[in-house]
Amino acid sequence: MSVLRVGNASGFYGDRFDAMREMLTGGPLDVLTGDYLAELTMLILGRDRLKNPDAGYARTFLRQLEECLGLAHERGVKVVANAGGLNPAGLADAVRALADRLGIPVRVAHVEGDDLTAAHPGTLAAHAYLGGFGIAECLRAGADVVVTGRVTDAALVTGPAAAHFGWQPTEHDRLAGAVVAGHVLECGAQATGGNYAFFRDGDVRRPGFPLAEVHADGSCVITKHDGTGGFVDVGTVTAQLLYETGGARYAGPDVTARLDTVRLTQDGPDRVRIDGVRGEAPPPTLKVGLNRLGGFRNEVAFVLTGLDVEAKAALVRAQMEPALGEVADVRWDLVRTDRPDAGTEETASALLRLVVRDPDPEKVGRALSGAAVELALSSYPGFHVLAPPGKGAPYGVFEAAHVPQDAVDHVAVLHDGRRVPVTPAKDTAVLEAVPEPPPPPPLPPGPTRRAPLGLVAGARSGDKGGDANVGVWARTDEAWRWLAHELTADRLRELIPEARDLPVTRHVLPGLRALNFVVEGILGEGVAAQARFDPQAKALGEWLRARHVDIPEVLL
């Protein structure tokens, strides 16, 4: 059968609005996908729905369709998106109303069954991560637009591929290939040079969005439309493969993909071939994302300029102490951005950041902000803050749970209203870690130079609940021979002091010349809790690359 060209037009809720039009007009496509959901997004949508029961979906998607539904219809492009969030049925109805108003004859279907909030009292939103076969049912029945709630990001590709090629649930290798393709596409321009460690290798001022040419055997080519910005090479694809993953087994509801079998080959300019991916039976359980309101938080950033920064910080901490005595969680961080004999006032200043959290909004609200403001004329010399403190704002907490696959009523609601149950995977296997493969032979002894790790290695990092992952890869075989021996879990703890007392697991992926580290608990209760300066660990990898290590001179 023909190649299936699947594009992506959104990596998150708030991504480039024009991307849908750009993808539809930039070149041929069969399916256009959009990923609008993340752990934080589900919390945001949950709060939206508290205010309005008819809300709970990504409204941006609807506005994009108002401009682009006619284009998709004219070009015969199917649209598949998880923009339904907490209310996929409501979004499907809204898309139908939009199509009727525009006079565009499209068939709209949706997938539901992921909502388990009623079974988890105390949560704002509890949703299972569904696979792609509900999407496949909708497309096989003739849908032009399919919207879902919480499916896995890769399901936006496995579903269309299974429908197009007629794959069955037991065709694990083919499904695993589509999972890998879906994982590369899911974050949009991150596969085409966005957020890329070696961004200076190309022009990334406005990277195009990626697409995958998926073949019947599950292999694919990652590319982008001709004439769009950014670039696609083995490095950009490697970076995205490592993003928010863990070990060699990448588990999902349809299949467990073996990332240690992935082969990447440059197949021409802006073309990377992915093949060799092996798949295994999925685990018997589905992941469930639990979002709840954790309490209220507030913060103040005091600016400390010039001399005696440490003494100024001690003074304001002592002055604020009476207002903080009953607050459940108080965190002070002194960020030394100041320089001696600075040429500007800003570079002569440090930041003292106060973050407070408590179940009682009053304790972190006016009582705190009032105490800070009252210091304006009675504290350290040069007193000012980055922004006036306000009242406390609610924060969220994310947790992951698991339920048996058959505990979820996965349903494809077809464009004609028929409801088709999606059978859970019958062939399953309990997830186990892959034994660490032997390392490559080390480089022969030789002179070294103290230099940033990033001169010879790329990195990309991200969040999974309270944990962070940092994927690190080498661009040459010689650099890999050094990196695999140098960057152990203990060495990572030394280079990232925040991880010193935390569990760190190292996963080795020789086929990608990569190491993937999972640092447990570094993000506290997850991004919505805002417990860390970089709450999603987006720059953790870049910090690691900036640390100095002894690098063999032959690599520099």
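As the structure is a computational prediction, the values presented were derived from the model and not from experiment.
- Looking only at distances, a side-chain donor or acceptor of Arg5 sits under 3.5 Å from a matching main-chain atom of Pro28.
- Within the 3.5 Å criterion, the main-chain N or O of Val234 finds a donor-acceptor partner in the side chain of Gln266.
- A donor-acceptor pair shorter than 3.5 Å cannot be found between the side chains of Asn8 and Asp35.
- For the atom pair Thr152 OG1 and His183 NE2, the distance stands at 11.0 Å (nearest 0.5 Å).
- Remark: of the listed residues Thr245, Asp463, Asn516, Thr505, Asn516 is the sole one forming a side-chain hydrogen bond (donor to acceptor under 3.5 Å, both in side chains) with Asn469.
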Arg545/Glu542 under salt bridge (charged side-chain N to carboxylate O under 4.0 Å, His left out): CA gap, chis, key distance, verdict: CA-CA 5 Å; Arg545 292 182 68 235; Glu542 286 301 291; 3.1 Å; yes

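- A distance of 9.5 Å separates CD1 of Ile522 from CG of Asp467, quoted to the nearest 0.5 Å.
- Checked options Phe12, Phe17, Tyr36; the residue passing with Phe61 is Tyr36 (criterion: ring-ring contact (aromatic ring centres under 6.0 Å, His included)).
- Side chain of Thr236 to main chain of Ala191: a donor-acceptor pair is present (N/O by atom type, distance under 3.5 Å, no hydrogens or angles).
- A cation-pi contact links Arg475 to Phe198, judged by a cut-off of 6.0 Å to the six-membered ring centre and 45° from its axis.
- Distance alone, capped at 3.5 Å, is enough to place a donor-acceptor pair between the Asp534 side chain and the Ala539 backbone.
- The minimum heavy-atom distance between Gly182 and Val157, with the atom names listed, is CA-CG2, 3.5 Å.
- In terms of modelled atom types and a separation under 3.5 Å, the side chain of Ser461 and the main chain of Ala537 share a donor-acceptor contact.
- Between Thr33 and Val6, the shortest heavy-atom distance links the atoms CG2-CG1, 3.7 Å.
- The shortest distance between side-chain heavy atoms of His164 and Asp30 does not fall below 4.5 Å.
- Under a 3.5 Å cut-off, the side chain of Glu39 and the backbone N or O of Lys464 do not form any donor-acceptor pair.
- Here the side chains of Leu130 and Thr148 are not in contact, with every heavy-atom distance at 4.5 Å or above.
- The residues Asp416 and Arg419 are annotated as not salt-bridged, no charged nitrogen and carboxylate oxygen being separated by less than 4.0 angstrom.
- Judged purely by atom type and a 3.5 angstrom limit, Thr192 has no side-chain atom pairing as donor or acceptor with the backbone of Phe231.
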Steps toward salt bridge (charged side-chain N to carboxylate O under 4.0 Å, His left out) verdict (Arg16, Asp18): CA-CA 6 Å; Arg16 193 158 83 216; Asp18 293 337; over 6 Å; no

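- Using modelled atom types, no side-chain atom of Arg460 and backbone atom of Ala197 make a donor-acceptor pair closer than 3.5 Å.
- Under the 3.5 Å distance criterion, the side-chain polar atoms of Glu112 are left unmatched by any main-chain donor or acceptor of Gly149.
- Counting non-hydrogen atoms of neighbouring residues, nucleotides and ligands closer than 6.0 angstrom, the CZ atom of Arg140 exceeds 12 such neighbours.
- Scanning for salt bridge (charged side-chain N to carboxylate O under 4.0 Å, His left out) contacts around Asp217 gives an empty result, with sequence neighbours left out.
- Checking side-chain atoms of Arg506 against main-chain N and O of Leu487 turns up a donor-acceptor pair under 3.5 Å.
- Residues Leu32 and Val77 approach most closely at N-CG1, 3.7 Å, considering heavy atoms.
- A salt bridge links Arg273 and Asp267; the closest N-O separation between the charged side-chain nitrogens and carboxylate oxygens is under 4.0 Å.
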Trace of the side-chain contact (heavy atoms from CB on, under 4.5 Å) decision for Val184 with Leu241: CA-CA 6 Å; Val184 174; Leu241 278 175; 3.8 Å; yes

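- Side-chain contact between Leu62 and Leu91 is present, with at least one heavy-atom pair separated by less than 4.5 Å.
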